[in-house]
K.L.:
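Here's a structure for you.
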Amino acid sequence: MIAHKSKAYFVVSCALAFGSFIVFCNLYLLQPVLPKLMQHFHVSEVTINWVFAATSLALSCSLVPWALLSERVGRRPVMLTGLLLTPLSTVIILFSQSIEALIVARALVGLSLSAFAGVAVAYMAEEFDPHAFRSAIGAYIAANSLGGIIGRLYGGFVSDSFGWQTAYYLLSVLTILVALFVWKVLPKQQHFKTQRLSLFDNIQNIKRHLTNYSLWFAMLVGGVNFAIFVNVYSVMTFRLSLEPYSLSTSVTSMIFICYLAGTFSSSLTGKWKKYSPTTGMLVGASISFLGVLCTLGEPLYLLALGLLLISFGSFFLHTLAYGWVSTNATHAKATATSLYLVHYYIGGSLGGFLLLSLWQHWAWNGVVGGACALYVLLSVLILSLVKRKEPQSKALA
């Protein structure tokens with residue numbers, strides 16, 4: 001097993017962090033550009049949300065198939081395949097002349113990205129010793145958030161100056177370079193054991209994960225958390241593009257710098273090992289909830305404070321819930337972590353349609369009201385986890 005702070009630990013962590021970074025750059029590139037795309041294609045907020053939601057939904061639907069394939073051929077080949085397929089999907093995006101073509105192309109991007117996103121944590125869980133894994137997963141999720149930040153900032157600024165097609169073209173070149181780097185640096189697994197399971201066995205594994213309520217509730221926690229977090233940001237881009245702010249796309253994209261609070265908080269979960277993960281999830285949800293309340297104000301500094309708190313709390317909660325599933329799954333870990341991400345990204349996709357519909361009808365007060373209802377559901381799910389046994393959970397943080 002790879003020990004914490006060993007040379008192999010730094011090499012593998014670096015390769016997975018770079019891969020994660022570029023995956024989330026591709027995933028979130030167009031999020032700050034949604035208001036501009038809405039005007040370009042002359043569609044509503046809910047319709048343009050499909051550009052973002054199609055990627056998340058396609059990603060979520062293909063996570064488990066990629067994970068099952070990785071059980072047979074290994075984690076590394078699947079991750080590299082996904083990274084190399086991603087820029088190929090960009091070719092279709094560059095020639096998209098209609099909103100329907102763009103949505104289909106973004107769905108193909110999601111299918112490619114899911115190969116890396118659904119398998120990387122299973123690679124870590126199998127190769128790192130427990131102490132190294134606890135530190136590595138925090139760094140991995142921190143790379144997720146950095147990729148989301150840079151992807152959104154890059155998308156906003158480059159799209160404003162040169163158009164979103166140019167932004168996509170340049171990112172595809174960078175994606176190829178990162179894929180080659182990961183291929184060169186990431187070692188073959190030493191502790192992977194091929195599982196040539198039948199379709200029936202795989203379905204049974206999925207069924208066992210979903211009927212293990214300690215795992216399933218943690219998956220639902222991740223989905224509801226992401227439904228609030230990512231879509232408050234999406235609706236905020238529409239809010240800031242209108243009066244009294246009327247900010248440009250590049251300036252609006254700077255709100256995603258607030259993601260840095262999440263980068264910081266996800267790395268803090270490694271220090272939470274003295275306490276219960278469920279307590280940490282409640283703390284994260286509470287901090288995020290306070291952030292949403294801050295956004296009821298009009299001044300920009302209050303909006304920024306609210307987004308910082310939302311990012312800090314949401315990523316702290318997400319890291320603990322993600323680690324809970326990976327640690328407490330007793331078999332088919334890749335399938336279990338993929339199922340967590342399925343719930344996570346489906347939650348993000350459906351949450352967008354909910355909050356954007358509330359935005360259309362009741363403006364920002366409606367968004368906050370919808371978020372508050374989701375926080376109630378989130379709290380109930382976390383409290384349900386508290387009542388369940390935590391055989392390994394205190395070790396995962």
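We use all heavy atoms of the structure for the numbers below, so side chains are in, but hydrogens, waters and symmetry mates are not. The structure displayed is predicted, hence computed values, not measured ones.
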K.L.:
Under 6.0 Å between the ring centres of Phe116 and Trp66?
P.N.:
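Phe116 vs Trp66: aromatic centres not under 6.0 Å.
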
K.L.:
If every non-hydrogen atom of Leu68 is compared with every non-hydrogen atom of Asn202, which pair is closest and at what distance?
P.N.:
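Distance-wise, the nearest heavy atoms are CD2-OD1, 3.4 Å.
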
K.L.:
Using only heavy-atom distances, determine whether the side chains of Ser311 and Tyr233 contain a donor-acceptor pair under 3.5 Å.
P.N.:
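On atom types as modelled, these side chains qualify, holding a pair under 3.5 Å.
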
K.L.:
Just to verify, what does Glu127 make a side-chain hydrogen bond (donor to acceptor under 3.5 Å, both in side chains) with, not counting sequence neighbours?
P.N.:
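With neighbours one apart ignored, the set is Gln189.
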
K.L.:
In chain order, what residues pass the ring pair (Phe, Tyr, Trp, His ring centres under 6.0 Å) check against Phe95, with sequence neighbours excluded?
P.N.:
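By the ring pair (Phe, Tyr, Trp, His ring centres under 6.0 Å) rule, Phe95 matches no residue at all.
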
K.L.:
Only counting residues at least two apart or in another chain, list the ones meeting ring pair (Phe, Tyr, Trp, His ring centres under 6.0 Å) with Phe21.
P.N.:
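By the ring pair (Phe, Tyr, Trp, His ring centres under 6.0 Å) rule, Phe21 matches no residue at all.
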
K.L.:
Of all residues at least two apart in sequence or in a different chain, which pass the ring pair (Phe, Tyr, Trp, His ring centres under 6.0 Å) check with His209?
P.N.:
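In terms of ring pair (Phe, Tyr, Trp, His ring centres under 6.0 Å), with neighbours along the sequence ignored, His209 is linked to His331.
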
K.L.:
Flag the pair Phe315 / Phe229 as yes when their ring centroid distance falls below 6.0 Å, and as no otherwise.
P.N.:
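Yes: the rings meet the under 6.0 Å criterion.
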
K.L.:
Minimum heavy-atom separation for Arg239 to Tyr245, with atom names?
P.N.:
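Heavy-atom minimum between the residues: O-CD1, 3.7 Å.
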
K.L.:
Quick check, are the ring centers of His318 and Tyr344 under 6.0 angstrom apart?
P.N.:
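Under 6.0 Å, so yes.
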
K.L.:
Restricting to ring pair (Phe, Tyr, Trp, His ring centres under 6.0 Å), what partner residues turn up for Phe289, sequence neighbours left out?
P.N.:
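With neighbours one apart ignored, the set is Tyr375.
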
K.L.:
Which other residues end up in the same hydrophobic cluster as Ile92, if Ile, Leu, Val, Met, Phe, Trp and Tyr are linked when side-chain heavy atoms come under 4.5 Å apart?
P.N.:
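Grouped by the 4.5 Å side-chain rule, Leu108 form the rest of the cluster around Ile92.
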
